[in-house]
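Along the sequence shown, residues carry numbers from 1.
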Amino acid sequence: MSKKNKFDLTGLVHHGRLKDGETVYFVSDPSKTAIVTKQPSGEYKLKYGKETMTVHACATMFLGTECPDHASRWLRNAGGKTLYEVWQADLADAA
């Protein structure tokens, strides 16, 4: 798989699909949330409590096990779209 089709949280922020400081919600328990945050390197990750992590690490932590499918399917924005749906829409618009 080429790099351009890999999930990229930083790219989604740069393309305006997500915002710095935006809250994302665990699909199975919306009380579990993380915030999209910019790192000193310029990359975006999720902040949960005092921990900063990738989307995969966050989804795995919320699930309590390895994700059975793409981690971005387990987190959604306030509008109800999963990060996977946001990513696929971004890919479709870029094509």
Checklist entry - Taking side chain as C-beta onward, heavy atoms only, is Thr52 less than 4.5 Å from Leu46? => result no

Close side-chain approach of Pro30 and Arg76, heavy atoms under 4.5 Å: yes

key: Asp93/Arg17 under salt bridge (charged side-chain N to carboxylate O under 4.0 Å, His left out): CA gap, chis, key distance, verdict   = CA-CA 11 Å; Asp93 286 353; Arg17 301 285 181 173; 2.3 Å; yes

Note to self: Side-chain heavy atoms nearer than 4.5 Å, only ILVMFWY residues, links allowed to pass through others: does that put Val36 and Met61 together?
What the structure shows: yes

Residues 65-75 vs side-chain hydrogen bond (donor to acceptor under 3.5 Å, both in side chains), sequence neighbours excluded, gives His56-Glu66, Asp69-Trp74, His70-Ser72, Arg73-Tyr84

### Query
Mind checking whether Leu91 and Val13 sit in one hydrophobic cluster, side chains of I, L, V, M, F, W, Y counted as touching below 4.5 Å?
yes

Could you check Phe7 against Leu83 for side chain to side chain contact (heavy atoms under 4.5 Å, CB included), going step by step and ending with a plain yes or no?
-> CA-CA 9 Å; Phe7 182 83; Leu83 297 188; 4.3 Å; yes

Please answer: with hydrophobic residues joined when any side-chain heavy atoms are less than 4.5 Å apart, are Leu18 and Met53 in the same cluster?
yes

Taken to the nearest 0.5 Å, the spacing of Tyr44 OH from Leu9 CG works out to 9.0 Å

Closest non-hydrogen atoms of Ala59 and Cys67, given as atom of the first, atom of the second and distance, are CB-SG, 3.7 Å

To the nearest 0.5 Å, atom NZ of Lys47 lies from atom OG1 of Thr33 at 12.5 Å

| message | Assess whether a salt bridge exists between Asp20 and Lys38, defined as any Lys/Arg side-chain N lying under 4.0 Å from an Asp/Glu carboxylate O. | response | no

One should read off an interatomic distance between Glu22 CD and Asn77 CG, to the nearest 0.5 angstrom, of 5.5 Å

Val86 with Val27, same ILVMFWY side-chain cluster at under 4.5 Å:
no

| Derivation and outcome, side chain to side chain contact (heavy atoms under 4.5 Å, CB included), residues Leu75 and Tyr25 | CA-CA 5 Å; Leu75 298 164; Tyr25 304 83; over 6 Å; no

Residues Thr10 and Gly42: closest non-hydrogen pair is CG2-O, 3.9 Å

Point to revise | Gln39 (side chain) donor-acceptor with Thr37 (main chain) under 3.5 angstrom | key: yes

Here the pair of heavy atoms bringing Ser31 nearest to Asp29 is OG-OD1, 2.6 Å

Note: Glu43 and Lys45 closest approach over all heavy atoms is OE1-CE, 3.6 Å

Hits for ring-ring contact (aromatic ring centres under 6.0 Å, His included) against Phe62, two or more places apart or cross-chain, chain-then-number order -> Phe26, Tyr48

